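Reading through the structure tokens given below for one structure.
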Amino acid sequence: MAYISQIAFLLVLAVAGYLLSKRIGRIKKNIQLGKDIDRSDQKGERTKNMLLVAFGQKKMFKKVIPAFFHFLIYAGFLIINLEVLEFIIDGIAGTHRIFAPVLGDFYTVAINIFEFLAVAVLLACVVFLIRRNILGIKRFTTLAGWPKLDGNLILVIEIILMFAILTMNATDMLLQGNDPHYTQTGDFFFSSFLTPLFEGMSVSALHFVERFAWWFHIIGILGFALYVTYSKHLHIFMAFPNTYFARLVPKGQMKNMDEVTTEVKAMLGVGDAGSSEPPAEIARFGAKDANDLFWTDLMGAYACTECGRCTEQCPANITGKKLSPRKIMMDTRDRIEEIGLNLQAGKPSEDGKSLLGDYITAEEVNACTSCNACVEACPININPLDIILQMRRYMAMEESSSPQSWNSMFQNVETNFAPWKFPPTDRFNWADKVNN
Amino acid sequence: MSDKTYKVPTMQEMSAKGESPEVLFWVGCAGSFDDRYKAVTIAFTKILNEVGINFAVLGPEESCTGDPARRGGNEFLFQMQAMSNIQVLDGYNVKKIVTACPHCFNTLKNEYPELGGNYDVVHHSTFLQGLINDGKVTLKDGGEFKGKKITFHDSCYLGRANGVYEAPRDVIKALDAELVEMKRCKTKGLCCGAGGAQMFKDAEPGNKEINIERTEEALDTGAEVIAAGCPFCMTMMGDGVKNKEKEGSVKVLDLAELIAKNQGL
Ligand code: SF4
Ligand code: SF4
């Protein structure tokens, strides 16, 4: 009989593991659809950024109240998951609270800490549900459909999972006197508030509730892990690589297009352009579709928490323009998922759609002032501006579809060496005024 | 006020004499052509003269850094501009550059090295801060701005893009003025609306112009002077103040102009 539950547990674990690894493999492949960019330098600086920004949540603390509650959930998540280790060993070995006899009194202390965190997480989730749905905070009210539902679902699932832990512990305590299988652990502070709910129950009913809560919690956690890969909640993992691989150069510096440098050097007859090798094959100047972007951009799209801190600071968005850096990231993720699904289904990668055009419009791309407010605001160092600028390059160099005034400006730079239509010979006229 | 004759030596003149300046003043397109910003160029030139800095300009040999072309997406044009500028700069063996334009500053400092142009580039706010700190510019007590409220509008390409927040503020504080901050300042500063080549086209449809949003915020501080350190910000804030019909009581001035005025230049 006992073996049945062990086998069932192994099955659950295997199915979850299989689905999860398939999904992770898919996401990895999708990210690798992006163009290559080297971020293997400055490992020390990168590690420092990851520790400060992802692990230490440094940028979250620009907004103290959400940072505090977010930190509770984050710390709770990290620490409570230690308990999952025990769940897994118990599930496989058919034991119950295998660490209790090993750790003795410390076990009770540990579980009490977990319970404290569970209650803290629960409270924080309630606060976040209120913030999202009742307080009318603009960066949340502007979400609709799946992203809105997703944000709420995560919080509700976390609340339910925390309740499952507390229920399990409460019934466990009641069983400890009645069933020798249940190791004596000492009292758990928070779940003892729930025991009155179960006090009248028979041992078998208690047993059922305890087992149900146990299974619910572990299946819930595994299911949640799978859910996360489809959700903005993926940031709990992706924030780490994303902060590690984030750009380290000054924010104002645009990435040089080396393929253009080669051509320009050849045109000007300077430098090492003399090599007779044909220029490397250039797929496309700039980005039209998600797979024209760099893998770091795609990783950012998967890391995006959809928090809207970027859009909240965006001068274009604040003044009613269509541009929203959050939407840029969400669209990029949706589109690369779509391309990935096409490839998975064996369809050609060209499906007649593209990120620029079908998801993001020229109007949005053109409205950006390249002010870097979004980059600065992002709690996990995502760079929406990078994507916008690559699309502008596509529009200018592949489609010649830049706004008319920009085309005139380009022409002025080309012929007058200034963005305005002034003759270059007048450039130094200001000096005549210095002495009067 | 001063009857001194200010000089504007060019690199060409200097190199003909076999001399080389300590620093090249990169004037920029706005500093050369924009009527409002020409006054800033002149103010800065006067300060350089007063302090006796051995400087030169490129004069007619200067050319757009290519920043607006690059931000507009035209990488070819940017790189053409950059490479021919680098040829000119390297031809004169330029080592150090100062400029009153954050866009030129960012491009010369951060983007030219990848194309082979390596210079020590500073924005004029940092340069002025240095002159004050070194005692080369001594600000007059009880000058025109003593006790006046001045707010500083962070240019995106100086602030967030390059992390220069304190230099312009130090300059203002040295004037004995009361520096008042806008609600959104420093890392959170709101763009004037002109960056990223927006200066060269109309804004997309929306419900407000960005410069109006920013000007309102500046006016809310009660400052009599909105200080800026960028030609595009200057235009946008100046237009904003006019739009709000406040040009009688609120001035938009560059840091170099503040110092020049204090010195009676
Ligand atoms: S860089 Fe562009 S998208 Fe980002 S905040 Fe500024 S205007 Fe908005
Ligand atoms: S890009 Fe960053 S700031 Fe913007 S929504 Fe995503 S996580 Fe939030």
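Not measured: the values here are computed from a predicted model.
Proximity to chain A (any heavy atom under 4.5 Å) is shown, for B:R214, by neither the backbone nor the side chain. Heavy-atom distances place both the backbone and the side chain of B:I210 under 4.5 Å from chain A. Looking at B:Q81, the atoms closer than 4.5 Å to chain A (heavy atoms on both sides) all sit in the side chain, from C-beta outward. With a 4.5 Å cut-off on non-hydrogen atoms, B:F76 touches chain A through its backbone and its side chain both. Using a 4.5 Å cut-off between heavy atoms, B:T187 contacts chain A through both its backbone and its side chain. Using a 4.5 Å cut-off between heavy atoms, B:A43 does not touch chain A at all. Both the backbone and the side chain of A:M257 come within less than 4.5 Å of a heavy atom in chain B. Of the two parts of B:T10, only the side chain, counted from C-beta on, holds a non-hydrogen atom closer than 4.5 Å to a non-hydrogen atom of chain A.
Across all non-hydrogen atoms, the minimal contact from B:L77 to A:F410 is CD2-O, 3.3 Å.
The closest side-chain heavy-atom distance from A:V260 to B:F78 is not below 4.5 Å. No side-chain heavy atom of B:K208 sits less than 4.5 Å from a side-chain heavy atom of A:I318. The shortest distance between side-chain heavy atoms of B:Q79 and A:N256 falls below 4.5 Å. When side chains are defined from C-beta on, A:N412 does not count as touching B:F200, because their heavy atoms never get closer than 4.5 Å. Considering only heavy atoms from C-beta on, A:R393 comes within 4.5 Å of B:R70 through its side chain. A 4.5 Å side-chain heavy-atom check between B:V27 and A:F428 finds every atom pair outside the cut-off.
In terms of heavy-atom pairs under 4.5 angstrom with chain B, the leader among A:G320, A:G286, A:S402 is A:G320. Between chain B and the options A:Q253, A:K62, A:Q390, the largest number of non-hydrogen pairs under 4.5 Å is found for A:Q253. Each of A:P250, A:P403, A:A396 has some count of heavy-atom pairs under 4.5 Å with chain B, and the biggest count is that of A:P250. For the options A:S408, A:C314, A:A367, A:P424, heavy-atom pairs under 4.5 Å to chain B are most numerous at A:A367. Heavy-atom pairs under 4.5 Å with chain B peak, among A:I388, A:T261, A:V249, at A:T261. The residue among B:R71, B:Q87, B:E213, B:M80 with the most heavy atom pairs within less than 4.5 Å of chain A is B:R71. Note: B:G196 leads B:G163, B:A30, B:A82, B:G196 in heavy-atom pairs under 4.5 Å with chain A. With chain B as the partner, the residue from A:Q313, A:M395, A:M409 showing the most heavy-atom pairs under 4.5 Å is A:M409. Each of B:C191, B:G72, B:A69 has some count of heavy-atom pairs under 4.5 Å with chain A, and the biggest count is that of B:G72.
Along residues 369-376 of chain A, the residues that come nearer than 4.5 angstrom to chain B, judged on non-hydrogen atoms, are A:T369, A:S370, A:C371, A:N372, A:A373, A:E376 in order of number.
Here the CZ-CG distance, from A:F285 to B:N74, works out to 11.0 Å after rounding to the nearest 0.5 Å. A:S405 contributes atom OG, which lies 10.0 Å from atom CD of B:Q198 (distance to the nearest 0.5 angstrom). To the nearest 0.5 Å, atoms CE (A:M254) and CD (B:E114) are separated by 11.0 Å. Rounding to the nearest 0.5 Å places CZ of A:R427 at 7.5 Å from SG of B:C64. To the nearest 0.5 Å, atom CD of residue B:E62 and atom CZ of residue A:F417 are 13.0 Å apart. Atom CD of A:E312 and atom NZ of B:K188 lie 7.5 Å apart (nearest 0.5 Å).
Heavy atoms of other residues, nucleotides or ligands lying less than 6.0 angstrom from CD of A:E363 number more than 12. More than 12 heavy atoms of other shown residues, nucleotides or ligands fall within 6.0 angstrom of atom NZ in B:K186. The environment of CG in B:D202 is sparse: at most 12 heavy-atom neighbours from other residues, nucleotides or ligands sit within 6.0 Å.
At least one donor-acceptor pair closer than 3.5 Å links the side chain of B:K201 to the backbone N or O of A:N366.
In this structure, B:F232 and A:W420 have perpendicular ring planes: the angle between them is above 60°, well past the 30° mark.
Using a 4.0 Å cut-off between charged side-chain N and carboxylate O, A:K321 and B:E204 make no salt bridge.
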